Structure formats: C-alpha cells, structure tokens
**Student:** 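If you scroll down you'll find the structure; I have some questions about it.
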Amino acid sequence: MKKNLSASSLLICIILTFVLIAAGCSTNSTSADDTNAKVVKVVDGDTLDVEFNGKTERIRLLLVDTPETVHPSKPVEPFGPEASKFAKETLSNQRVKLEFDVSERDKYGRLLAYVWIDGKMFNELLLEKGLARVAYVYPPNVKYVDPFRAIQSKAQKAELGIWSIENYATDRGFDDSAAKKNSKASENSKPRAQTKDSSSSKSNQPSIGSCKKPTIKGNISSKGDKIYHVPGGQSYESTKAEEMFCSEADAEAAGFRKAKR
C-alpha cells in the first residue's frame, strides 16, 4: 500500500511539474507582463515608436485601423487627427507593455502588438471611442478579434467617431467620398438665413470636421498665413471666418496655426 501511495505521489508531482513548465512557456512570448517598452514617438493613431530590448522599434497596433493623417499619398481623413491626438495624449513618453500574437512582424519589419498602459489595452480604447475600426484580420494573429468586434459593435450603435458618418468606415477602409457626401447633405439640410447678419455669414463658411456647430475660425491673411482663432481669443469676434473647424486638431491638420492672441 505504501509503495502504491509513493508511486502515485511521484506521478502527481511529475504531472504538476510539466503543467507548470508548460504554463510558463505558453506565456513567455505573449504576456503583457514581461515585455516592457517606452514610447518615444507617436506617429499616428495606430503607429508608434518605442524603446524595446535596447533599440527603437516601430509598432503597428494589431487588428485596428485609424483614419490617415500622415499618409504620403492620401489626404487627412475625418477623425484621423482626433485618433492621433488621443494616441499622443495617452502614450507619449509613457512606459507601456507590449503583448504579441503568433506572428511578431509584418512585411515592413514593424512589430505587431497589443499595447497596454495602466492595465488597459490601447487597441480597445480606440475602438471604444469610435476612433478605429477592426481591420487587418490575418490568422494566426486573431487572439482578440472577437472581443474587438463586440466593442466595435457598441461604438457603431452609439454612432461614435467614425461611425457618426454614414458608410464612411467599411470593411475595405475609410471612404472619403462618403464623408464628403455626408458633409454636403448636412449643409443642404440646414435652413438658410433670411438676413445677412454676422451669424448667417458664419454658417455659410465651409467647415472641417463632423460636429454640428463648428466654432473655431480659420482665416488666411494677405500674406498667406493660415491662422485659426478659438472662442475667447482677443481677435475672435472681429475675425472673418474663411473656414470653420470642429477642433484645434482639425485646424492644425488643415495647415492652420493657432493665433498668438
């Protein structure tokens, strides 16, 4: 009896040992707890540079895509500046944790990762705010695709960010023509003012962004300087708006700089 118990105990110990070893091996390459990095540059909403393993690496966020802001052959897309601004505010100069899937690099040599900060995954935060769509779903890197799609579905129903523009975010990317059509439809649906006062002239100015009431004034000086004015600024009331913007990020993306006064 004692021999049988000893043999059984030994067998259990061996099995537990193998289970612990396997568990440790299975998390070495994917756990967000053992791959620390520091963000040194945010390129745009879904791309950043980090210090990792003693060198600077470019990171492409897995399974998400934000509108373009720095593409060499594409214009700045709606909600691209907002996504980029959110990434910079959240990640710049911060220590983060990288979690990898099965394949660690894309064809451009960039590291593909889920980026964690303060216990939250940044990929998910973009989806929650409607600043990104689920994209580039290429097996075997599909670890979080199902929860990502569930988060995206909630943002769609709430019409947040990119989902506030009908047919703009698609399975194939972002349709700029849909954004332009939506902007024109919004302008045509506005009642036309009967008097030519200052308020009506403001509403007739072209606007950039998707908010209903842009308040930031863009003006081009006689020297060609593109300057934007925010409410409360010294020259805001006296400035004639040639373009209206929903956010400072939109104005800067269009090439305007903030007024000094």
Side-chain angles (χ1 to χ4, degrees), residues 39-49 58 60-61 64-93 126 129-133 160-165 167-169 173-188 190 198-261:
V39 178
V40 295
K41 179 182 179 182
V42 173
V43 179
D44 59 16
D46 54 33
T47 309
L48 53 144
D49 293 339
R58 177 144 295 187
R60 179 60 171 81
L61 299 184
V64 297
D65 181 37
T66 61
E68 296 291 350
T69 58
V70 294
H71 196 284
S73 60
K74 292 183 178 180
V76 174
E77 296 176 325
F79 289 101
E82 288 84 347
S84 182
K85 182 180 180 182
F86 178 60
K88 290 176 181 178
E89 290 176 347
T90 307
L91 301 175
S92 292
N93 301 313
L126 287 169
K129 292 180 176 292
L131 296 176
R133 67 187 183 96
L160 298 177
I162 59 175
W163 308 110
S164 65
I165 304 176
N167 299 324
Y168 171 52
F174 297 100
D175 187 348
D176 293 335
S177 63
K180 292 177 181 178
K181 288 179 182 178
N182 183 78
S183 179
K184 289 181 179 179
S186 297
E187 287 298 320
N188 291 335
K190 292 180 180 178
S198 59
S199 60
S200 65
S201 64
K202 290 178 185 176
S203 65
N204 290 331
Q205 301 302 325
S207 64
I208 294 179
S210 60
C211 63
K212 293 181 179 179
K213 294 181 179 180
T215 59
I216 297 175
K217 297 180 179 180
N219 178 269
I220 303 176
S221 71
S222 58
K223 296 181 180 180
D225 295 327
K226 302 172 77 173
I227 302 170
Y228 70 86
H229 300 261
V230 298
Q234 184 174 340
S235 303
Y236 182 80
E237 294 299 331
S238 61
T239 296
K240 179 181 178 182
E242 295 178 65
E243 289 189 53
M244 295 295 291
F245 301 98
C246 294
S247 68
E248 292 189 50
D250 289 335
E252 291 170 1
F256 286 74
R257 64 172 176 83
K258 189 174 183 177
K260 295 180 179 178
R261 298 183 294 176

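Being a predicted model, the structure only gives us computed values, none of them experimental.
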**Student:** Would you find a donor on one side and an acceptor on the other, under 3.5 Å apart, between the side chain of E68 and the backbone of E77?
**Tutor:** no
**Student:** Checking E242 side chain against I220 main chain: does a donor-acceptor pair fall under 3.5 Å?
**Tutor:** yes
**Student:** Between D65 and R60, is there a salt bridge with N-O shorter than 4.0 Å?
**Tutor:** yes
**Student:** Roughly how far, to the nearest 0.5 Å, is CD of E248 from NZ of K85?
**Tutor:** 6.0 Å
**Student:** Looking at every non-hydrogen atom in both residues, tell me the closest pair between V42 and A87 and how far apart they are.
**Tutor:** CG1-CB, 3.7 Å
**Student:** Can you find a heavy atom in the side chain of D250 that is under 4.5 Å from one in the side chain of V76?
**Tutor:** no
**Student:** Passes ring pair (Phe, Tyr, Trp, His ring centres under 6.0 Å), F79 versus F174? Steps please.
**Tutor:** CA-CA 10 Å; F79 289 101; F174 297 100; 9.5 Å; no
**Student:** Is any side-chain heavy atom of Y228 less than 4.5 Å from a side-chain heavy atom of E243?
**Tutor:** no
**Student:** Give me the atom names and distance for the closest heavy-atom approach of F86 to L126.
**Tutor:** CD2-CD2, 3.9 Å
**Student:** Ignoring hydrogens, what is the shortest heavy-atom contact between E82 and S247? Give both atom names and the distance.
**Tutor:** OE2-OG, 3.9 Å
**Student:** Who passes side-chain hydrogen bond (donor to acceptor under 3.5 Å, both in side chains) against T66, sequence neighbours left out?
**Tutor:** D46
**Student:** If I compare all heavy atoms of I165 with all of A178, which pair ends up nearest, and what's the gap?
**Tutor:** CG2-O, 4.2 Å
**Student:** Heavy atoms only: give me the nearest G45-L61 pair and the separation to one decimal.
**Tutor:** O-CD1, 3.9 Å
**Student:** Are any non-hydrogen side-chain atoms of K217 and M244 less than 4.5 angstrom apart?
**Tutor:** yes
**Student:** Find out whether P78 and D176 are in side-chain contact, i.e. whether some heavy atom of one side chain is under 4.5 Å from a heavy atom of the other.
**Tutor:** yes
**Student:** Once rounded to the nearest 0.5 Å, what's the spacing between atom NZ of K41 and atom OG1 of T47?
**Tutor:** 10.5 Å
**Student:** Can you tell me how far apart CG (D225) and CZ (R257) are? Round to the nearest 0.5 Å.
**Tutor:** 5.5 Å
**Student:** By side-chain hydrogen bond (donor to acceptor under 3.5 Å, both in side chains), which residues pair with R58, not counting sequence neighbours?
**Tutor:** D49
**Student:** Hey, could you give me the NZ/CG distance between K88 and D44, rounded to the nearest 0.5 Å?
**Tutor:** 9.0 Å
**Student:** Please report the closest heavy-atom contact between V64 and A132, naming both atoms and the distance.
**Tutor:** CB-CB, 4.2 Å
**Student:** Could you pull out all residues at least two apart from D175 that satisfy side-chain hydrogen bond (donor to acceptor under 3.5 Å, both in side chains)?
**Tutor:** S177
**Student:** Sub-3.5 Å donor-acceptor pair from the side chain of K226 to the main-chain atoms of A254, do we have one?
**Tutor:** yes
**Student:** Side chain to side chain contact (heavy atoms under 4.5 Å, CB included), that's the test. Do E252 and F245 meet it? Break it down for me.
**Tutor:** CA-CA 10 Å; E252 291 170 1; F245 301 98; over 6 Å; no
